[in-house]
Amino acid sequence: MRTWRSLLIVALSLALLLGLAAACEEEEKEDKTPGPGETPGALSGELEIFSWWTTGGEAAGLQALFDLYPDKCPGDVEIVNATVAGGAGFNAREVLTTRMLGGDPPGSFQVHMGHELTDTWVTTDNMEPLGDLFEQEGFNDVFPQGVLDIVSFEGEPYSVPVNIHRANVLWYNTTVFEDNNLEPPTTFDEFFEVADTLQAAGITPLALGDVEVWTSVHLMETVLLGSLGPDAYDGLWTGDTDWTSAEVTQALETFEKILSYVNSDHSSLSWDQANDLVISGDAAMTVMGDWANADYEAKNFEDYGWSPTPGTQGYYDALSDTFGLPKGAPNPDAVTCWLRLVGSKEGQEAFNPLKGSVCARTDCDSSLFNPYLQSAIDDWASDRIVPSLAHGAAASQGWVTEIVDAATAFVTDKDVAAFQGRLDDACVAAEVCS
Ligand code: GAL
């Protein structure tokens with residue numbers, strides 16, 4: 001009898017102890033989950049951040065985020081900066097795809113908001129949903145609704161936007177313009193007049209570096225926008241604008257004519273080497289996204305001016321760099337804290353002035369930004385927004401690749417009819433046109 005009672009007491013005490021231990025464990029677990037705006041417990045291990053940010057302003061912006069990481073995310077996480085050089089990520093995406101398909105995702109990777117994110121990684125079930133994080137961090141209140149919609153699929157956000165870039169910027173060397181009594185062109189006619197004057201003075205009118213052909217596609221998208229206007233431009237990506245129409249022919253003819261004013265060594269230069277021609281004054285203008293602004297800053301070049309590319313005054317050809325949490329990513333706690341940092345006011349205010357982009361958040365302090373970026377902040381708030389083709393916002397990755405391939409042939413053969421036919425075929429292959 002006594003043995004039974006002793007056993008019962010031992011069993012009850014054990015149960016009590018186990019219960020207590022479970023409760024403590026539960027409490028510990030709860031402690032690890034940070035509240036809104038709070039930092040998590042000590043983090044450790046490696047955090048691999050995959051991007052294509054290797055040039056001056058790109059690398060500087062990324063480093064600013066890395067430098068802030070230990071403050072926001074206490075512990076001793078070692079950040080692994082996994083970059084694959086090559087503008088606009090065409091090289092990086094190949095490496096990333098191989099890794100993702102091989103079950104070897106990085107902690108987090110740079111990906112453009114829009115079709116590049118959604119069609120490639122979200123609808124294929126490769127990304128973790130981030131709704132809880134967005135709620136905890138108040139992201140739903142600080143990103144514009146349009147941006148929230150684009151990073152979401154079926155109501156759930158899948159990546160955190162760190163910035164907004166503008167693609168349709170004409171950069172020019174102000175001394176060259178002043179010396180030749182020129183004003184930045186606002187129409188294609190003005191562009192050709194300015195270009196003729198420059199050519200007669202022995203200056204390359206437009207710098208292009210299309211060793212990677214995305215830069216020609218980038219130039220082309222600004223010509224399509226300036227020539228067709230924003231409604232018809234948007235219609236190219238929804239099937240509402242006919243790729244075989246006379247308006248598209250005219251735009252492509254304008255593009256062809258513009259290509260006759262570029263430097264002869266364009267096919268051996270990168271975008272930033274083309275930018276160097278503007279810096280040295282060998283070329284007067286270049287069309288590039290506003291990461292070119294960060295390139296000027298990183299190279300201490302102040303003698304630049306900017307304006308929207310011809311015909312695009314009042315339109316903002318936009319793209320955004322974002323980061324998400326791939327399914328099966330190593331060290332997900334460290335990644336989640338990276339995402340908190342990327343979306344935070346502090347993170348975006350440190351990153352964007354160096355990167356040449358504006359905050360995706362609406363509450364950044366604009367006094368931290370240079371005059372170009374302050375003008376971009378104003379334009380972003382008031383312009384008509386359209387999605388960039390070359391930078392993943394407008395069309396799926398497969399469609400962009402088809403267009404890049406067609407453009408590769410076009411920059412050499414200059415055959416407008418053949419190019420237009422291939423562009424139409426690409427739209428059909430993407431199942432957007434019939
Ligand atoms: C864009 C990217 C920018 C910048 C640029 C040149 O696609 O969004 O952040 O890096 O490529 O590499």
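We count ligands from 1, going down the list as the structure has it; atoms in each ligand are counted the same way.
- At least one cation-pi condition fails for R422 and W243: the charged atom is not both under 6.0 angstrom from the six-membered ring centre and inside a 45 degree cone around its axis.
- No donor-acceptor contact under 3.5 angstrom links the side chains of T55 and W271, judged on distance only.
- A disulfide bond (SG atoms under 2.5 Å apart) check over residues 369-434, counting only residues at least two apart or in different chains, returns the pairs C427-C433.
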Pick out the protein N or O atoms lying less than 3.5 Å from any N or O of ligand 1, and list each pair with its distance.
| residue | atom | partner | partner atom | Å |
| --- | --- | --- | --- | --- |
| ligand 1 | 7 (O) | H112 | NE2 | 2.8 |
| ligand 1 | 7 (O) | H391 | ND1 | 2.7 |
| ligand 1 | 8 (O) | H112 | NE2 | 2.8 |
| ligand 1 | 8 (O) | D321 | OD1 | 2.7 |
| ligand 1 | 8 (O) | D321 | OD2 | 3.3 |
| ligand 1 | 9 (O) | W53 | NE1 | 3.1 |
| ligand 1 | 9 (O) | D321 | OD1 | 3.4 |
| ligand 1 | 9 (O) | D321 | OD2 | 2.7 |
| ligand 1 | 9 (O) | K355 | NZ | 2.7 |
| ligand 1 | 10 (O) | W52 | NE1 | 3.4 |
| ligand 1 | 10 (O) | W53 | NE1 | 3.1 |
| ligand 1 | 10 (O) | E58 | OE2 | 2.5 |
| ligand 1 | 11 (O) | W52 | NE1 | 3.4 |
| ligand 1 | 11 (O) | A88 | N | 3.3 |
| ligand 1 | 12 (O) | W52 | NE1 | 3.4 |
| ligand 1 | 12 (O) | E58 | OE2 | 2.7 |
| ligand 1 | 12 (O) | A88 | N | 3.1 |

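- Taking the six-membered ring where tryptophan is involved, the planes of W53 and F323 are perpendicular, since the angle between them exceeds 60° and thus also 30°.
- Considering T312, T222, D317, D290 as possible partners of N168, the one that fulfils the side-chain hydrogen bond (donor to acceptor under 3.5 Å, both in side chains) test is T312.
- Less than 6.0 angstrom separates the ring centroid of W121 from the ring centroid of F109.
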